[in-house]
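So you know, we letter chains A, B, ... as the sequences are listed, proteins then strands, and number each from 1.
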There are 2 protein chains.
Amino acid sequence: MTDVSATGGRTPSRAVEQALVDAAERVLVRDGLGGLTVRAVAAEAAVAPMGVYNRFGNKDGLVAAVLARGFEGLRAATADAADADPVDRLLTCGRNYRRFALDHPQHYGAMFGAGWAAAVPTEELVDRANAAFQALVDRVGYAVDRGALRPGDPVDTAQLIWSSVHGAVSLELAGLGRTADPAASYEALLQMLLDGLR
Amino acid sequence: MTDVSATGGRTPSRAVEQALVDAAERVLVRDGLGGLTVRAVAAEAAVAPMGVYNRFGNKDGLVAAVLARGFEGLRAATADAADADPVDRLLTCGRNYRRFALDHPQHYGAMFGAGWAAAVPTEELVDRANAAFQALVDRVGYAVDRGALRPGDPVDTAQLIWSSVHGAVSLELAGLGRTADPAASYEALLQMLLDGLR
DNA sequence: ACCTTTGTAGAACACCGTTCTACGTTACTG
DNA sequence: CAGTAACGTAGAACGGTGTTCTACAAAGGT
């Protein structure tokens, strides 16, 4: 459907597509989700607003592409925890998750905030999100296999960890943290998870 | 500032204010956050759009009033756990939290979704949110005093619980749950929290 | 070389939050 | 009981949004 090269027509250069997503990311970081308008992105990419509709269908398609990149970044950030010790690997994974959210708050908010449940998610978006989640499932399985975590369905366990970690990061980003030191509270959360799932 | 009766002028009947918030809640439930427009609310309340600005300043003031009601509802839902056993009281509190979110998904999404960190929160809104959180802190303190939870700052512990519970509910509402039975996963989360904080 | 196809540009439409201006309606004042 | 000043209201209007429409220019196939 979106594969234009299959029609035999001229390749739509594909570079403009990436330029639009790049521009959208810059606008998102600079002006927040509220400032992410079709006109602003098109102007940032030096393209007519119509280009967004030619390549992404509508605004949702564009933000879906941006969100897909966000999930890819989240996957990369949490997947590069290569510690040999399974507990260390999980801890690094959890710390990288928070670091990603704090480094890219606009992305994170858009990825999990409003507008997700509303708009029907793109297939690519779902794939990226699943890949990011799978990275966590793998690390949980690694820990279970080595006896660092109690046996059980890795998916269930990963979902449980994800819930807690996402909640903590989400509340911290929203400014709803009531603790003095968010970083210390987050470490305590990770430790509690390890204790509770031991 | 908003206390009109102090000026000696005619009382703005106050009923219209509530009628507007009532209408806003109906529109929110019916059409979602995206359909919550000033015109739609005004029409639902049989009032001119200008009434919103006279009584709430702008749209954010109106949604802040709706969100304040939402936090009051959340506080009421989680505070009516009167079990004698401290563990049961915490469990009931956690279950009621999820029930509130599932019963009022639009409210919950608006309360913790985008638009919170962006708009400057009203004082009443902060008060309601703090009251809801305090209900949890009280229950944690109750459990700590009776030895059901390990000693520690009740605020830190409550924040930790809130993070996990909010994360689970938030992901479930967003449709990002990857487990077969969300209710069972939530129960497992609560149990894990009790284990980890024992 | 022609023609079809395709992306582009800019105006245009409906809707949004918000503001402005004219207009009752109400409550205080002499 | 007038007169007046303040106040909330109604409706149009402004800038901005997502989206669509219509004409136009450029590239590929025959």
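In this entry the distance linking OH of B:Y53 with C1' of D:dG11 reads 14 Å, nearest Å. Rounded to an integer number of Å, the gap from A:K59 NZ to C:dC15 P is 18 Å. Rounded to an integer number of Å, the gap from A:D60 CG to D:dT17 P is 16 Å. Regarding B:R55, its CZ atom lies at a distance of 10 Å from the P atom of D:dA10, rounded to whole Å. Protein atom CG of B:L20 is 9 Å distant from nucleotide atom P of D:dT9, rounded to whole Å. Between the CD atom of B:E17 and the P atom of D:dG8 there is a distance of 11 Å, given to the nearest Å.
OP1 or OP2 of D:dT9 lies within a sub-4.0 Å distance of a side-chain N or O belonging to B:N54.
Nucleotides of DNA chain C nearest to A:G51 and B:P49 differ in position, and the one nearer the 5' end is that of A:G51. Mapping A:A40 and A:M50 onto DNA chain D by nearest heavy atom places A:A40 closer to the 5' end of the strand.
Out of C:dT18, C:dT8, D:dT17, the shortest distance to the side chain of A:T37 is found at D:dT17. Taking every side-chain heavy atom of A:V38 into account, D:dT19 is the closest of C:dG17, D:dT19, D:dC21. Out of D:dT19, C:dC16, D:dA10, the shortest distance to the side chain of B:R39 is found at C:dC16.
Side-chain contact of B:N130 with B:Q134: a donor-acceptor pair under 3.5 Å is absent, judged by distance alone.
Both cation-pi conditions hold for A:R146 and A:Y142: the charged atom is under 6.0 angstrom from the six-membered ring centre and inside a 45 degree cone around its axis.
Residues A:L33 and A:V63 are not in side-chain contact: their nearest non-hydrogen atoms beyond the backbone lie 4.5 Å or more apart.
At the heavy-atom level, B:L36 lies under 4.0 Å from the strands shown only through sugar-phosphate atoms.
Between the side chain of A:R178 and the main chain of A:L176, a donor-acceptor pair closer than 3.5 Å is present.
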